[in-house]
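See below for the structure under consideration.
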Amino acid sequence: MQRYFINQNADSHQRFFITNEEDIHHIKNVMRNTIGNKIIINFNDKKVFITEITHISSNQIEVLPINQLDIDTELPVDVTICSGLIKADKYEWLLQKSTELGANHFISVGMDRSVVKLQENKVQKKIDRWQKIVKEAAEQSYRLVIPDVKFQSNLKVIYDTINNYDYVLIAYEDEAKHGEKSRFKNILNNFQTNDRVLIIFGPEGGFSDKEIDLFREVSLNIGLGPRILRAETAPLYALSAISFEKELMG
């Protein structure tokens with residue numbers, strides 16, 4: 001059964017309206033749903049209902065909640081993936097797969113060694129595309145929330161927000177090169193439910209010394225195993241490790 005998101009809190013005694021144009025097109029023309037068909041709706045408060053389509057028009061679809069589903073597909077910790085700006089197709093793949101693996105927030109950052117540059121007049125168009133990719137991935141993977149995507153011009157902006165997080169980690173390739181293997185695992189053991197975790201990943205060229213020095217007193221540098229991972233692969237490794245430790249291992 002297809003899933004969609006509505007930007008409201010749930011109420012089992014109230015009718016709701018789907019107004020997103022792409023969702024309306026998908027429900028009507030792709031899935032060819034008609035009045036009386038059932039679809040699943042995710043609400044802002046993370047409640048999920050099977051709903052019945054009660055009315056279809058060109059600009060909205062009316063649904064009535066029928067049965068609430070008992071489901072929780074979110075990671076027990078709130079993870080922000082902050083990564084250096086990388087090539088478009090690679091970053092879009094990163095967004096899609098990291099959403100499937102449970103990331104809550106994404107921040108793309110122009111770093112010292114980023115080959116790709118994003119002009120200011122194109123930022124909003126990029127964010128809109130990224131947000132669409134994340135939304136579709138959230139629907140496909142039965143997420144309860146749609147992660148948000150932001151862009152920042154440099155790491156200093158991120159540094160100014162570190163008080164928002166319980167943990168700030170930097171996935172630094174030099175740690176792997178020097179044989180560091182246990183720090184990330186030890187930190188994972190300390191994560192508590194609802195902890196806010198910021199993990200920073202470099203672009204294809206890695207971090208500059210200046211960027212590492214900026215966070216030296218406020219973060220922990222971690223290695224992600226003995227192999228050097230690509231910029232788009234490293235976040236998936238980290239999210240998989242968190243899921244294994246906090247979900248599969250209890």
Side-chain angles (χ1 to χ4, degrees), residues 74-86 90-91 94-95 97-99 101-116 118 130 147-247 249:
E74 296 302 305
L75 280 178
V77 294
D78 186 287
V79 180
T80 297
I81 298 296
C82 173
S83 53
L85 193 60
I86 59 177
K90 294 179 180 179
Y91 190 63
L94 181 159
L95 289 173
K97 301 310 175 187
S98 294
T99 297
L101 287 167
N104 295 88
H105 316 277
F106 296 97
I107 308 173
S108 179
V109 181
M111 295 187 187
D112 292 344
R113 295 179 180 172
S114 291
V115 176
V116 177
L118 185 55
W130 292 340
D148 56 88
V149 189
K150 298 178 180 179
F151 172 77
Q152 299 294 350
S153 59
N154 58 77
L155 270 181
K156 179 61 169 62
V157 180
I158 307 303
Y159 177 87
D160 292 338
T161 69
I162 57 173
N163 289 335
N164 297 333
Y165 303 98
D166 299 294
Y167 294 89
V168 178
L169 310 178
I170 294 184
Y172 190 29
E173 63 272 18
D174 277 13
E175 298 294 333
K177 290 176 182 177
H178 296 151
E180 196 287 306
K181 297 180 180 179
S182 60
R183 193 172 297 141
F184 187 36
K185 180 179 183 347
N186 292 337
I187 295 169
L188 288 181
N189 290 331
N190 294 329
F191 286 172
Q192 300 297 313
T193 300
N194 296 325
D195 275 350
R196 295 161 298 176
V197 181
L198 171 67
I199 314 180
I200 305 174
F201 302 86
E204 287 97 341
F207 295 103
S208 68
D209 291 341
K210 182 177 69 175
E211 289 168 334
I212 292 298
D213 288 342
L214 175 65
F215 284 85
R216 191 173 301 280
E217 302 298 325
V218 296
S219 68
L220 291 171
N221 293 347
I222 58 172
L224 300 178
R227 291 162 295 280
I228 303 303
L229 304 177
R230 295 176 68 97
E232 68 271 25
T233 308
L236 309 188
Y237 181 104
L239 288 164
S240 298
I242 293 171
S243 174
F244 180 80
E245 184 67 33
K246 308 311 292 186
E247 294 180 312
M249 297 297 289

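No hydrogens, no waters, no symmetry mates; every other heavy atom, side chains included, goes into these values. The model shown is predicted, which means the values in this text are computed figures rather than measured ones.
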For the residue pair [X] and [Y], establish whether any side-chain heavy-atom pair is separated by less than 4.5 Å.
| X | Y | value |
| --- | --- | --- |
| Leu94 | Trp130 | no |
| Met111 | Ile200 | yes |
| Asp195 | Asn190 | no |
| Val149 | Tyr91 | yes |
| Cys82 | Val109 | yes |
| Ile199 | Ile242 | yes |

Roughly how far, to the nearest 0.5 Å, is the [atom2] atom of [Y] from the [atom1] atom of [X]?
| X | Y | atom1 | atom2 | value |
| --- | --- | --- | --- | --- |
| Leu224 | Tyr172 | CG | OH | 13.5 Å |
| Thr193 | Leu75 | OG1 | CG | 11.0 Å |
| Lys210 | Asp112 | NZ | CG | 4.5 Å |
| Ile187 | Glu245 | CD1 | CD | 12.0 Å |
| Phe207 | Phe201 | CZ | CZ | 8.5 Å |
| Lys90 | Arg230 | NZ | CZ | 4.0 Å |

Okay, side chain of [X], backbone of [Y]: is any donor-acceptor separation there less than 3.5 Å?
| X | Y | value |
| --- | --- | --- |
| Asn104 | Val79 | yes |
| Lys246 | Phe191 | yes |
| Glu173 | Gly206 | no |
| Ser240 | Leu236 | yes |

Could you report the tightest heavy-atom contact between [X] and [Y], atom names first, then the distance?
| X | Y | result |
| --- | --- | --- |
| Ala234 | Leu229 | CA-CD1, 3.9 Å |
| Ser243 | Glu247 | OG-OE1, 2.6 Å |
| Ala241 | Leu188 | O-CD1, 3.8 Å |

Step-by-step side-chain contact (heavy atoms from CB on, under 4.5 Å) determination, Asp209 to Ile212: CA-CA 5 Å; Asp209 291 341; Ile212 292 298; 5.7 Å; no
Side chain to side chain donor-acceptor pair (under 3.5 Å) involving Ser114 - partner list, sequence neighbours excluded: none
Under 3.5 Å, side-chain donor or acceptor atoms of residues 214-222 against the rest of the protein: list the pairs with distances, not counting sequence neighbours.
residue	atom	partner	partner atom	Å
Arg216	NE	Asp213	OD1	3.2
Arg216	NH2	Asp213	OD1	2.4
Ser219	OG	Phe215	O	2.8

So for atom CZ, which belongs to Arg183, do other residues, nucleotides or ligands contribute more than 12 heavy atoms lying within a distance under 6.0 Å? yes
Show the numbers, then the answer: is there a side-chain contact (heavy atoms from CB on, under 4.5 Å) between His105 and Asp78? CA-CA 8 Å; His105 316 277; Asp78 186 287; 3.0 Å; yes
Those residues that, when tested against Tyr165, pass side chain to side chain contact (heavy atoms under 4.5 Å, CB included) (two or more places apart): Thr80, Ile107, Thr161, Val168, Arg196, Leu198
Just to verify, what does Val116 make a side chain to side chain contact (heavy atoms under 4.5 Å, CB included) with, not counting sequence neighbours? Leu85, Lys87
What residues, two or more places apart in sequence or in another chain, satisfy salt bridge (charged side-chain N to carboxylate O under 4.0 Å, His left out) together with Arg113? none
Only pairs at least two apart or in different chains count here, so list each salt bridge (Lys or Arg N to Asp or Glu O under 4.0 Å) that has a residue in residues 148-158. Lys156-Asp160
